[in-house]
Every structure is written in structure tokens, then in C-alpha cells.
Amino acid sequence: MAPILEARGVTKVYPGTVALKEVDFDVFPGEVHALIGENGAGKSTLMKILAGIEQPSAGKLYLDGKEVRFHSTRDAAAEGIGIIHQELNMFREMRVADNMFAGNEIARFGVIDRAAQRKRVREVLSRLQLDVDPDEKMMNLRVGQQQIIEIGKTMLKQKLRVLIMDEPTSSLSNAEVEVLFKLIEDLRSQGVAIIYISHRLEEIMRVCDRVTILRDGRRIDSAFVKDIEVEWIIERMVGHAQLTIEKKPYPGAPEPVLEVIDYKLPRLGGGYTVDHVSFTLHRGEVLGIYGLMGAGRTELVESLMGLHPESSGEMVLDGAKITHPVVSEQIARGMVLVPEDRQKDGLVQCMSIFNNMRLTSLKRLSTHGLMREKDSRREVAETVRDLQVKVADVNHLVTALSGGNQQKVVIGKCVMAHAKVFIMDEPSRGIDVGAKTDIFNLMRGFAAQGMGVLFIGSELKEIMSVCDRVLVMSNGKVTADLSGAEIREDALVRASAANLHTGWKDKGGD
């Protein structure tokens, strides 16, 4: 059998960097081919070239053995090549159906046939087991639902032959992941070739047929999944097989830095998204918050930051009693949030790395309304150095960085706010093993300096490796408070399923 799509000797040069160097890659009909590498390895660049978003500086592409050149995504789509981006590509104010048909509308006599579009959308979403109204606005949906809709958009193509999936499960619940895997199997049986990018290695071992590893823009190795183990992949990605997190001790007294008392966030239609939650975070502690999708984890920390004015309760932050938090005031008090969606909520895409990093420090770094540029440059340079952000020039756009380095910019912005409480919501989402190690070691370093760290995570192994103590949430309530030897996989899973009842329908949650 011949490959359906091939890249031969593909090189891509950007100003100041070589993103890809003479890379060979191919995918066969009915095959799921994983593309793996650390952030900055060149995975996204190669996929953009295959999808027509970028053009190679050198090398050739072949489709069905014939040389092709895609000048745009329309060219690639016309040949049946679709891509699902890791960072969602949508119009938040538009309806679901309009988003899914954007640029590919069904029209009669120059007028969009919205009834036909809604019918087609219902068919696709039903196949994906997503019960969402085609007329609902995208902004009202949770990230996991938006991700499934993005997948559904590619399924509207009548001639889908190659589907590129970039971190497709990063925002999905376990149930949604199972639906996706069934869809992948269905597409594979129809002869569709799938290129699968993921940092979740257990997924790759489960659903993929073949794996290719990139490092520093070069192709390192390829193998059939049936012939390898996870350690083989990690060793070739980063040169070692273990995720090492050093738990540096805090030398001071573990006194409370944050006390949360009876916090509540009402849910539309009755009940609570956050249901009378109380806990204490100590200096020098990494406190995990674990739970399934819909548990209320993200809503809890957003409420503490002041993002949900309808929430109620009481907190004591570094000795100050707070009943009605406001975001700017919380930042000034030393509470910062690294959000789940760094692209939408953590970064300003059109701004430089430098300007993004000083956003939380504008008042502190200004005199009489004028920025002290010298001080700003010095502090940003120090933060870039301390966090080991891989950047050639802080004046470049933040979008020029890899996902892991973008996450470090968001964290750096929080560091420059002189934080006392770090809230990290899914900080490892969509980043590679090496970058995860860096982020988790930074978290432990913050704790060792006497800060309190709240870590919202979905990966059991990460929670167990990084945290001193873990709160488990289910249906808005804290169902377990575990520490030390109590933090076991079975205990976490059991507590995350507690307090659930069949009469409650998931409204989105985390």
C-alpha cells in the first residue's frame, strides 16, 4: 500500500530559527500516525505545512504519489485534508452552526440556508454524542464542548481523506475521550488517515498504529506502536525516561496563607456549581484540587479571584478578611491565577513577550502614570532567566513561542505580581514532558519560598507526584482531603465519583 500523504526533506526557516530541517513524514490510508516531540520540536510547523497554513522553505509534499503545493487551507481542504487545532479556532459570539459552517456555508440563491445547516450540525453532533443546540452561542459552552464542536467541523467535509488532530483530548472529559476514540476507529475503518499529536503517551499507545518523533526540528525515529513501550518514546523525546519532580522543603512554619470558608456559587436552574466549600492552604504547600469534568474546580478558583460576583462566602488571604473579591484587588493582595486556557485568558496575542509579562505590574513599575522602562526591562529579563523561557528576543510576539514557553510567560507575569498564592489551573495542558517537568519544578520552587500553590489537575500521576495534599471535588462539593500516603490512585478515583446522582446533568463544569 502506498502512502496517501508524504513530506520529503521538508525544511522551514523563520527569521532567527530553523523550525524544521529535512524532515520526512508519511501517513497511509486507514492509519493513525502519532507525531511526538517536546514543545518547539517542530510538530505544529510540520502540520501547518501539511494543512496549507504555511509553505515549506525547502522540500516537497506528495499526495497519492503526485507532487502538490498547498498555498492555503482551502487548497488542502479541497484535497480532503482537515486539521483540528489545539488552540480553538472559533467566533465566540456566533452560534454553533455558524461556527461549524464558517467559510463553507450552505446557500441557495445567495442566501444562507440556516435550516439545512442546523440539520447537518445536529447529525454530526449526534454522532459525537454531544447534546448542544446548534443555535447556542459558542461563548456559553465549556472548553470541552467547544473542542468537540471543532472536531465536528472537520466532519462536515464530504471528502475527508487526512485528518490532523493536534492535542484533541486536552480539554475533554473521560467520557468525551471515549467518544473521540470511537470516532477515530470509525474514520480509520473508512480509510481516513489520521495524524495524531498528543503529549498523553498512554493515548498514543492505545489508539495509534505508528509513531514518529521530532526533536529540535529533526526527525529522530519512527516505529510501530506494537513494537515499543512508553519509555522508548520518552527517551527519544527528552533523553530520559522519568518525570522528576524535586520537592524542595519550606524551612519556615506551615502557617495558613489562605483560608476559604463556606464558599458557594449558585448554578442556573438551582443548586450550586460550588457547594459550600471550605479549606486551608498553608505556606510552603502545593495543594491539589482533583475532580472529573463538571466537579466545579475551575469555578471555585475563579470565584476566589473575583471572576464570579454572584459567588458568596468568606476567605482570609494572608491575614486579610475578604467577602467580595475583585480581580484587580486580589492581584494586588498577592493572589494570581494561571488560567486553564492560556491563549484566551492568559495572554494578549497581539502583544510582545515583554508587554505580556509586565501586565500585572504596570502600576508598580510606573511613576505618575509613566512606565519606568529600564526597571521593566530588568525585571522581565530576570524573570525570563529564572523561569528559563526559551526566547530569542522579548520584543517578539508571544505567539512566536512554543506552548510550554507561552505557559512560562503566563507564570512569569504572575511572578512579577509578587504573588503569595499561586493558582495553577491545568498548567500542563498541551505541553510536553520536558516542559511539564519545568512547570512542576517551578511550582515546588514557589512553595519552597513560602508561597501557597493551588494546583487544579486532571492527570492522576501528576497530582500524586507534585502535591503535598489533595482536595477531591465532585458535583461542587469537597469529597476528600488526602495527604501523604492517603494520596493513592484508587482513593482519588473513588472520591471523584462520590456525590454524583443520575438526576444531575453536566452543565459544563471544568
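Just so you know, residue 1 is the first one in the sequence shown, and it goes up from there.
Remark: Asp113 pairs with Arg108 by the side chain to side chain donor-acceptor pair (under 3.5 Å) rule, at least two apart or across chains. Taking the salt bridge (Lys or Arg N to Asp or Glu O under 4.0 Å) definition, one finds that Arg95 meets it with nothing, sequence neighbours left out. Tyr196 pairs by the ring-ring contact (aromatic ring centres under 6.0 Å, His included) definition with nothing, not counting sequence neighbours. In terms of the ring-ring contact (aromatic ring centres under 6.0 Å, His included) criterion, residue partners of Phe422 (sequence neighbours excluded) are, by chain and number, Phe446. Among residues two or more places apart in sequence or in another chain, the side chain to side chain contact (heavy atoms under 4.5 Å, CB included) test is passed with Glu373 by Phe354, Arg358, Met371, Arg377. Qualifying side chain to side chain contact (heavy atoms under 4.5 Å, CB included) partners for Gln117, counting only residues two or more places apart in sequence or in other chains: Asp98, Phe101, Glu105, Ile106, Ile112.
We find that Glu202 and Arg206 are not joined by a salt bridge, their nearest charged nitrogen and carboxylate oxygen being 4.0 Å or further apart. Under 4.0 Å is where a charged nitrogen must lie from a carboxylate oxygen, and between Lys153 and Glu150 at least one such pair does. We find that Arg210 and Glu31 are joined by a salt bridge, their nearest charged nitrogen and carboxylate oxygen being less than 4.0 Å apart. In summary, Asp24 and Arg219 do not engage in a salt bridge, as defined by a charged side-chain N under 4.0 Å from a carboxylate O. The pair Arg385-Glu382 does not count as a salt bridge, with every side-chain nitrogen at least 4.0 angstrom from each carboxylate oxygen. Under the 4.0 Å criterion applied to side-chain N and carboxylate O atoms, Asp468 and Arg444 are assigned as salt-bridge partners. Between Asp26 and Arg8 there is a salt bridge, since a side-chain N of the basic residue sits under 4.0 Å from a carboxylate O of the acidic one.
Counting heavy atoms from C-beta on, the side chains of Asp166 and Ser44 come closer than 4.5 Å. Contact annotation: the side chain of Ser352 never approaches that of His396 to less than 4.5 Å [non-hydrogen atoms, C-beta and beyond]. Residues Leu180 and Val177 are not in side-chain contact: their nearest non-hydrogen atoms beyond the backbone lie 4.5 Å or more apart. For the pair Arg118 and Asp135, the minimum side-chain heavy-atom distance is below 4.5 Å. Looking only at side-chain heavy atoms (C-beta outward), Ile331 and Cys414 stay at 4.5 Å or farther from each other. Within the 4.5 Å cutoff, side-chain heavy atoms of Met138 are placed close to those of Ile149. Looking only at side-chain heavy atoms (C-beta outward), Asp209 and Val225 stay at 4.5 Å or farther from each other. Between Pro427 and Phe455 there is a side-chain heavy-atom pair separated by less than 4.5 Å.
More than 12 non-hydrogen atoms from other residues, nucleotides or ligands lie less than 6.0 angstrom from CD of Glu136. Taking a 6.0 Å sphere around CZ of Arg188, one finds it holds more than 12 heavy atoms contributed by other residues, nucleotides or ligands. Environment of CD in Glu123: crowded, with over 12 heavy atoms of neighbouring residues, nucleotides or ligands closer than 6.0 Å. More than 12 heavy atoms of other residues, nucleotides or ligands lie within 6.0 Å of NZ in Lys247, so this atom counts as buried by the packing criterion.
Counting only distance, with no hydrogens or angles, the side chain of Ser189 and the backbone of Asp186 share a donor-acceptor pair below 3.5 Å. Listed for the Thr11 side chain is a donor-acceptor partner under 3.5 Å among the backbone atoms of Glu22. Here the side chain of Thr360 pairs a donor or acceptor atom with the backbone of Lys413 at under 3.5 angstrom. When atom types are taken as modelled, the side chain of Asn99 and the backbone of Phe91 share a donor-acceptor pair closer than 3.5 angstrom. The backbone N or O of Pro339 lies less than 3.5 Å from no partner atom in the side chain of Asp345, so there is not a single donor-acceptor pair. The main-chain N or O of Trp232 is found under 3.5 Å from a side-chain atom of Arg236 such that the two form a donor-acceptor pair.
Under the side chain to side chain contact (heavy atoms under 4.5 Å, CB included) rule, Val96 has a single partner from Asn140, Leu130, Leu141, which is Leu141.
In terms of heavy-atom proximity, Ile195 sits nearest to Val162 at CD1-CG1, 4.2 Å. In this structure, Met100 and Val124 approach most closely via the heavy-atom pair CE-CG1, 4.2 Å. Shortest non-hydrogen contact noted between Val32 and Val207 is CB-O, 3.6 Å. When all heavy atoms of Ala448 and Lys248 are compared, the closest pair comes out as CB-CB, 3.6 Å. A pairwise comparison of heavy atoms in Val384 and Met357 identifies CG2-SD, 3.8 Å as the closest pair. Closest approach of Val286 and Ala447 over heavy atoms only: CG2-CB, 3.9 Å.
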Candidate pair Lys408 and Lys390, rule side-chain contact (heavy atoms from CB on, under 4.5 Å), full reasoning: CA-CA 9 Å; Lys408 287 184 181 180; Lys390 295 178 182 177; 5.8 Å; no
Evaluation steps, side-chain contact (heavy atoms from CB on, under 4.5 Å), between Leu287 and Val470: CA-CA 6 Å; Leu287 174 59; Val470 180; 5.8 Å; no
Working for side-chain contact (heavy atoms from CB on, under 4.5 Å), residues Leu50 and Ile83: CA-CA 9 Å; Leu50 296 179; Ile83 183 169; over 6 Å; no
Derivation and outcome, side-chain hydrogen bond (donor to acceptor under 3.5 Å, both in side chains), residues Thr45 and Glu54: CA-CA 8 Å; Thr45 302; Glu54 300 271 7; over 6 Å; no
Verdict with reasoning, Val68 to Glu79, per side-chain contact (heavy atoms from CB on, under 4.5 Å): CA-CA 10 Å; Val68 292; Glu79 298 294 342; 5.8 Å; no
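Atoms CZ and CD, from Phe28 and Glu6 in turn, are 7.5 Å apart once rounded to the nearest 0.5 Å. Going from atom CG of Leu300 over to atom CD1 of Ile456 covers 7.5 Å, rounded to the nearest 0.5 Å. Once rounded to the nearest 0.5 Å, the distance linking CZ of Arg122 with CG of Asp131 reads 10.5 Å. The line from CD1 of Ile164 to CD1 of Ile197 is 7.5 Å long, rounded to the nearest 0.5 Å. Note that the OG atom of Ser72 and the CD atom of Gln55 stand 8.0 Å from one another [nearest 0.5 Å]. Once rounded to the nearest 0.5 Å, the distance linking CD of Gln190 with CD of Glu185 reads 11.0 Å.
Neither side chain, Ser361 nor Glu379, offers a donor N or O lying under 3.5 Å from an acceptor on the other. Side-chain contact of Ser458 with Glu426: a donor-acceptor pair under 3.5 Å is present, judged by distance alone.
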